[in-house]
S.K.: 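This is the structure I want to talk about, given as structure tokens.
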Amino acid sequence: MLDTSKHHIVHPLVLLSVTDHHARSVSRTSSKRIVGVLLGQDNGKTVNVANSFAIPFEEDEKDSKTWFLDHNYIEGMYDMFRKVNARERMIGWYHTGPKLRASDQEINDLFKRFIAKPPETVGIPTDAYYAVEEIKDDGTETRKTFLHVPSAIEAEEAEEIGVEHLLRDIKDSTTTTLVTRVSEQLASLQGLQSRLGDIHTYLLDVAEGKLPVNHQIIYHLQDALNLLPDLGDAELTQSFTSSTNDELLVVYLSSLLRAVNAINLFVERLGKARDVT
């Protein structure tokens, strides 16, 4: 019987490898998905997904049941990985989804040649699944399906430092530092707006009785609200106003300097034009 109480951990190296695989294999306008193998350890209580490698995979976008996967390539790559780290075993496979498809059971059956019970990871953030046979109460024929199991993205201290430095060094040479900072802040605000919308929708559903009250979620929301500043405090409001005025003063002075430089350049060019004539 499947033990769904296992703790499934996905390391950042796996996410970076999957992202690189997708960036190299799929264009931005294509909805093609990629497939690869997950490596790690399964000690009975925790499934630790620590590494991965890409595999050749082709699929008909109009008919998902038509696909090709090179299992000979899997065997060759796995033999090379075992020479590097014998502790890492094949524990599953991944694809970039975003949803499960009709061919996933067939692909899963192929991976059973290498793994007894392979989990499947879909998308980033990750969703983990186990392949199970669903037994019906009416005694009809069983059918295969995927059972969702909880997963988390965790990293050791060394991994966190490495990922932080890697993301810090990734820069687009075609954009300036200011454009990059503004784009990052805009993306952060859009992400915040999306999460606030999810919280608002959840609270409305709870108030209307569509969802049960989850006290753990309510406690987290209360902790977040307690960290918000008290905008009714006159001293805090004055501090925010002073900080905003200082920033606007810098912008105003920069605009004045830019205007003065433009006028000086115009006068200089006008003088040279008069000398020529």
Side-chain angles (χ1 to χ4, degrees), residues 2-3 6 8-44 46-134 142-149 151 153 159:
L2 177 65
D3 182 11
K6 289 184 178 180
H8 300 78
I9 300 175
V10 182
H11 287 255
L13 177 61
V14 178
L15 302 183
L16 291 174
S17 298
V18 174
T19 303
D20 179 67
H21 180 197
H22 188 272
R24 289 185 290 103
S25 304
V26 183
S27 64
R28 295 183 178 180
T29 58
S30 175
S31 60
K32 176 184 175 182
R33 65 174 180 169
I34 58 172
V35 172
V37 175
L38 300 174
L39 303 173
Q41 302 89 28
D42 183 357
N43 60 11
T46 303
V47 177
N48 193 42
V49 184
N51 205 346
S52 66
F53 64 83
I55 56 177
F57 177 77
E58 294 293 336
E59 183 179 37
D60 190 345
E61 296 185 3
K62 297 181 180 180
D63 182 12
S64 61
K65 293 185 177 181
T66 305
W67 54 275
F68 167 76
L69 191 149
D70 191 348
H71 53 86
N72 293 324
Y73 180 87
I74 298 176
E75 296 176 353
M77 286 293 295
Y78 182 48
D79 289 338
M80 289 189 288
F81 269 87
R82 279 195 301 180
K83 295 178 182 178
V84 177
N85 191 345
R87 294 179 56 192
E88 292 183 350
R89 306 285 182 178
M90 286 183 20
I91 58 174
W93 61 285
Y94 69 82
H95 73 79
T96 52
K99 297 181 179 179
L100 297 174
R101 300 189 183 183
S103 60
D104 288 347
Q105 279 291 353
E106 299 176 3
I107 299 174
N108 197 75
D109 292 338
L110 174 62
F111 273 94
K112 284 186 177 180
R113 301 180 184 179
F114 312 99
I115 318 162
K117 294 181 178 179
E120 174 185 319
T121 304
V122 184
I124 298 176
T126 58
D127 291 325
Y129 297 87
Y130 265 103
V132 296
E133 290 188 359
E134 185 178 12
T142 61
R143 67 184 185 93
K144 295 180 179 179
T145 184
F146 285 112
L147 176 65
H148 182 269
V149 292
S151 62
I153 301 173
E159 289 179 306

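Here the structure is a predicted model, which is why all the values come from computation and not from measurement. Hydrogens, waters and symmetry mates play no part in the numbers below; they use all other heavy atoms, side chains included.
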S.K.: Could you state the interatomic distance from NE2 (His21) to CD1 (Ile34), rounded to the nearest 0.5 Å?
M.R.: 4.5 Å
S.K.: Compare all side-chain heavy atoms of Thr66 with those of Glu58 and state whether any distance is below 4.5 angstrom.
M.R.: no
S.K.: Can you find a heavy atom in the side chain of Phe81 that is under 4.5 Å from one in the side chain of Asn51?
M.R.: yes
S.K.: Go through it in stages, so that I can follow the logic: the residues are Asp104 and His95, the test is side-chain contact (heavy atoms from CB on, under 4.5 Å), and I'd like the CA-CA distance, side-chain angles, deciding distance and then a yes or no.
M.R.: CA-CA 9 Å; Asp104 288 347; His95 73 79; 3.4 Å; yes
S.K.: Do Leu39 and Ile91 come within less than 4.5 Å of each other through their side chains, counting heavy atoms only?
M.R.: no
S.K.: Does anything in residues 80-91 pair up under salt bridge (charged side-chain N to carboxylate O under 4.0 Å, His left out), and if so which pairs, sequence neighbours excluded?
M.R.: Asp79-Arg82
S.K.: Kindly state each residue pair satisfying salt bridge (charged side-chain N to carboxylate O under 4.0 Å, His left out) with at least one member in residues 8-27, sequence neighbours excluded.
M.R.: Asp20-Arg24
S.K.: Evaluate the side-chain proximity of Asn108 to Lys112: yes if any heavy-atom separation is below 4.5 Å, no if none is.
M.R.: yes
S.K.: Is any side-chain heavy atom of Leu110 closer than 4.5 Å to one of Trp67?
M.R.: yes
S.K.: Identify the heavy atoms of His11 and Ala50 that sit nearest to each other, and give their distance.
M.R.: CD2-CA, 4.0 Å
S.K.: With heavy-atom distances below 4.5 Å as the criterion, would you say the side chains of Ile55 and Trp93 are in contact?
M.R.: no
S.K.: Any non-hydrogen side-chain atom of Leu38 less than 4.5 Å from a side-chain atom of Val10?
M.R.: no
S.K.: Just so I know, are the side chains of Tyr94 and Arg33 near enough to count as touching, which here means a heavy-atom distance under 4.5 Å?
M.R.: no
S.K.: Can you name the salt bridge (charged side-chain N to carboxylate O under 4.0 Å, His left out) partners of Glu75, sequence neighbours left out?
M.R.: none
S.K.: Does a salt bridge link Lys32 with Glu59, judged by any charged N lying under 4.0 Å from a carboxylate O?
M.R.: no
